[in-house]
Structures are given as C-alpha cells and as structure tokens.
Protein chains: 2
Amino acid sequence: MANDVHEQDAGMRVVHLLRAITVELDRIGEGFAARHALHPTDVRALICLLDAARTGAPATPGILGAHLGLNSAGTTAVIDRLERLGHVRRERDTQDRRRVLLKVDESAVALGWSFFGPLIHEIVAVMGRFDAADQATVERFLGDVNEAVARQRTGRG
Amino acid sequence: MANDVHEQDAGMRVVHLLRAITVELDRIGEGFAARHALHPTDVRALICLLDAARTGAPATPGILGAHLGLNSAGTTAVIDRLERLGHVRRERDTQDRRRVLLKVDESAVALGWSFFGPLIHEIVAVMGRFDAADQATVERFLGDVNEAVARQRTGRG
DNA sequence: GACAATATCTCGCTCAGCGAGATTATTGAT
DNA sequence: ATCAATAATCTCGCTGAGCGAGATATTGTC
C-alpha cells in the first residue's frame, strides 16, 4: 500500500493504526454475532435500532434498510430474524398505518451493553491516562479524520 | 448505548468518533466493492494479499482463509473470483508442491492504490496540521487503543 | 371516488460460504 | 524403500442472505 520510504512517516503509521483498529472492531462484531446466533448484518441492525432507541428517533423498516444498504426484501428478512430471536417486535404506527415501528426488547439492550460495555470501558480507560490538553488533541484529530473520511465517501461513492 | 450523563465525557465522545470512523471506512470498502464487481470479502482478500506482497510475506490459500475467517471451500471460491477477474493468479510452490502461492496482478495493485491512495492522502494531510508533539500524542493514543481493542477481542472471543 | 405515491411484505432466484470428503504432496517411522 | 499420518487444496451438494419484481394496504391529492 505504501512503499517503505513512507512507512517512516508518522502519518502513515497513524493510517495503519486506524486501519488496524477498524479491523479489530469488525472482528469483535463478527465474534459477537457468531456467539449469539446472529449475522454481522443483524448486529449492525441492532446497533442502529439501539441508537434510535437511545436518541428517541423513530425506527421503521424503511429507515433501517436505508441505513444498512439493504432493499426492502432483505430488510424484512433481517427484522424477521431479530423478531424470531425476541430482540425486536413490530408495532403498527397508529398515526400512519402503512408504517411499522420497531421496538427493541430489554434483552437486546442488555445484549448491546454486554457487547459495547467492556469495549467502551477499555477505551475510556486509555483516554483517562492522557491529560486534558492531550485528550483535546486526540478528540480534535479524530473529529478531523472523521470529517475527512466522510468527505471521501460522499465525494467518491 | 450510553446514558446522556456520560455523553458529556471526552472519553465517550472519542468512543463515538472511533465508531463513526469505523463505519465510514467500512462503507467506503463496500462502495469500492460495488463499483468493481467485487464482494466485501473479495476486497478484504485483496487488502490481505496486497499487504503480503508489500511485506514480502508468502500468500497461500490457507493463510488467506485463516485471515478472512473462511473455511477452505469458501477460500477457494474467493480466489476463483479474484482469478476470474485477473487480479490474482495461482502458482504452485516449487518448494512444497502441496502449496499454491497467490500472486497479485499489477492491475490489483493499481486498484488498491486507487482505493487507498486518496484516503491515505487525506489522513496524512489531517496529521500534517498537527505539530510534532501532538502527532506523537495521537500516535501513542491510537497505539494504546489498538492494543486495548485487540486485548478485548482475544480475551473474550 | 379515482389515482398516484408511500411503506411493507411475498415469491422466486442467485450465489457466498459451510460441511464432508476427495485428491495430491510431504513427512516421519520402521 | 515403504507406508501410514499429516498437510494443502479443491470438489460437491446444501443452506440461507439478499436481490428484483410485484402484490397489498394506507395516505394524500385532484
């Protein structure tokens, strides 16, 4: 990916670290999925639904499908799987009876915490070993990288 | 995932930033796959093979399959797809004739650069806007996070 | 009320990846 | 040298995730 002249550069080392972290997080997700009879897509769906529940945003099959990049048939299948496992239930929206509202069960919330809890704790602990000024530096850097990466995606794909 | 009392915390904001970056990078990978008639798994395989080519490490179906978490049948299928597209070719290892060495074509290297090049450039540019001390802080933080995340994975699954 | 738009679901299909086992090459023991 | 055990890869048949097309029900518009 880089010839070894550039490997010396701090920028390149950081790129590789970010990639390594991404790979590790993906693998944790896969491992979690495998241990709970879920597919990686189901885990992503759960994350999306838990986020919606946390922020109070409405969750519907349409919104979920758009977020996951699935068509309506695939989205129905994901929800069927999660419903079969008792993590989610469908409720007709009384305002607009075409729509279905997706409600996550308490078991799914607990599952989410069992997954993210230790991970969050670890990262917060790492952060705690830095002083306030360095924490601000890290936060600013990650914010900038996030913007840059998002710009790359929306710009090219 | 977090109740909103903790949202204020710099640690939690950093956790969310890391997650956002991970999601964005995954989406870029998916977009790249879709635009080149590849599956996400094929992209991961290409990355693995390009890394091996770059570091001079030998690449075989067995190593690739282990890296991707596929069994031998699935690994054969991935290599078949990449070979059909001309990105990879199989060569019998003359030392141990049970083994097949996977050689990436120049077109695959070019493809990899077209994917990672702009992304790397963007992140290096972000890094360049920080002074040397702050770059060192960022690098140390990411290294620690990487270790912590890797420890999480190997410790729990 | 007729009609286009919207949200979801059903049906049939393709193909990624799995399990089981076949094939070929290597290694080690006798 | 011979032969069993091991290793690396591939083949075959199957399951199931996700897609395209279209069916169904609800809403807003004229």
Side-chain angles (χ1 to χ4, degrees), chain A residues 26-27 29-49 52 57-85 87-103, chain B residues 26-27 29-49 52 57-85 87-103:
Chain A
D26 282 348
R27 287 195 177 178
E30 286 167 21
F32 174 78
R35 274 199 307 288
H36 291 91
L38 294 169
H39 294 263
T41 300
D42 300 344
V43 175
R44 291 178 59 191
L46 262 183
I47 292 170
C48 179
L49 293 175
T60 67
I63 294 168
L64 179 64
H67 199 274
L68 296 175
L70 297 178
N71 75 358
S72 66
T75 304
T76 297
V78 174
I79 299 167
D80 283 349
R81 292 196 297 269
L82 292 178
E83 198 174 36
R84 205 174 306 133
L85 291 169
H87 296 318
V88 166
R89 63 178 189 284
R90 288 173 161 99
E91 281 181 12
R92 277 281 163 202
D93 185 347
T94 51
Q95 308 302 315
D96 181 344
R97 291 179 45 74
R98 290 170 302 183
R99 292 208 288 178
V100 165
L101 297 176
L102 303 172
K103 306 288 188 180
Chain B
D26 281 349
R27 286 195 177 178
E30 285 166 21
F32 174 77
R35 276 199 306 286
H36 291 89
L38 295 169
H39 295 263
T41 300
D42 300 344
V43 175
R44 290 177 59 189
L46 262 184
I47 291 171
C48 180
L49 293 174
T60 67
I63 294 168
L64 179 64
H67 199 273
L68 297 176
L70 297 179
N71 76 358
S72 66
T75 305
T76 297
V78 173
I79 299 168
D80 284 349
R81 292 196 297 269
L82 292 178
E83 199 173 36
R84 206 175 304 132
L85 292 169
H87 296 318
V88 166
R89 64 179 188 284
R90 289 172 160 100
E91 283 182 10
R92 277 282 163 202
D93 185 346
T94 52
Q95 307 302 313
D96 181 343
R97 293 180 45 75
R98 289 171 303 184
R99 292 206 289 178
V100 165
L101 297 176
L102 302 173
K103 306 288 187 180

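These numbers were taken from a predicted model, which means no experiment stands behind them. By convention in this document, chain letters (A, B, ...) are assigned in the order of the sequence lines, proteins followed by strands, and residues within each chain are numbered from 1.
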Would you sort out whether D93(B) and T60(B) count as a side-chain contact (heavy atoms from CB on, under 4.5 Å), showing the intermediate values?
-> CA-CA 9 Å; D93(B) 185 346; T60(B) 67; over 6 Å; no

Which residue pairs pass the salt bridge (charged side-chain N to carboxylate O under 4.0 Å, His left out) test when at least one of the two sits in residues 59-82 of chain B, sequence neighbours left out?
->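 Of all non-adjacent pairs touching residues 59-82 of chain B, those that pass salt bridge (charged side-chain N to carboxylate O under 4.0 Å, His left out) are D42(B)-R81(B), D80(B)-R90(B).
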
To the nearest angstrom, how far is [X] atom [atom1] from [N] atom [atom2]?
X	N	atom1	atom2	answer
Q95(B)	dA7(D)	CD	C1'	17 Å
R97(B)	dT23(C)	CZ	P	18 Å
D93(B)	dT27(C)	CG	P	11 Å
E30(B)	dG18(D)	CD	C1'	13 Å
D42(B)	dA16(C)	CG	P	8 Å
H67(B)	dG17(C)	NE2	P	16 Å

In chain order, what residues pass the side chain to side chain donor-acceptor pair (under 3.5 Å) check against [X], with sequence neighbours excluded?
X	value
N71(A)	none
R89(B)	E91(B)
R92(A)	none

Under 4.0 Å protein heavy-atom contact, by nucleotide of nucleotides 5-15 of chain C - B base, S sugar-phosphate only | BBSSBBB----

In chain order, what residues pass the side-chain contact (heavy atoms from CB on, under 4.5 Å) check against L68(B), with sequence neighbours excluded?
->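 Checked L68(B) against side-chain contact (heavy atoms from CB on, under 4.5 Å); matches are T41(B), R44(B), A45(B), L64(B), L70(B).
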
Would you say the side chain of N71(B) and the base of dG17(C) hold a donor-acceptor pair, judged only by whether the two atoms sit under 3.5 Å apart?
->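 By the distance-only test, no, there is no pair.
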
So what does G69(B) touch, heavy atoms closer than 4.0 Å: a base, only the sugar-phosphate, or nothing?
->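 Sugar-phosphate, no base atom in range.
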
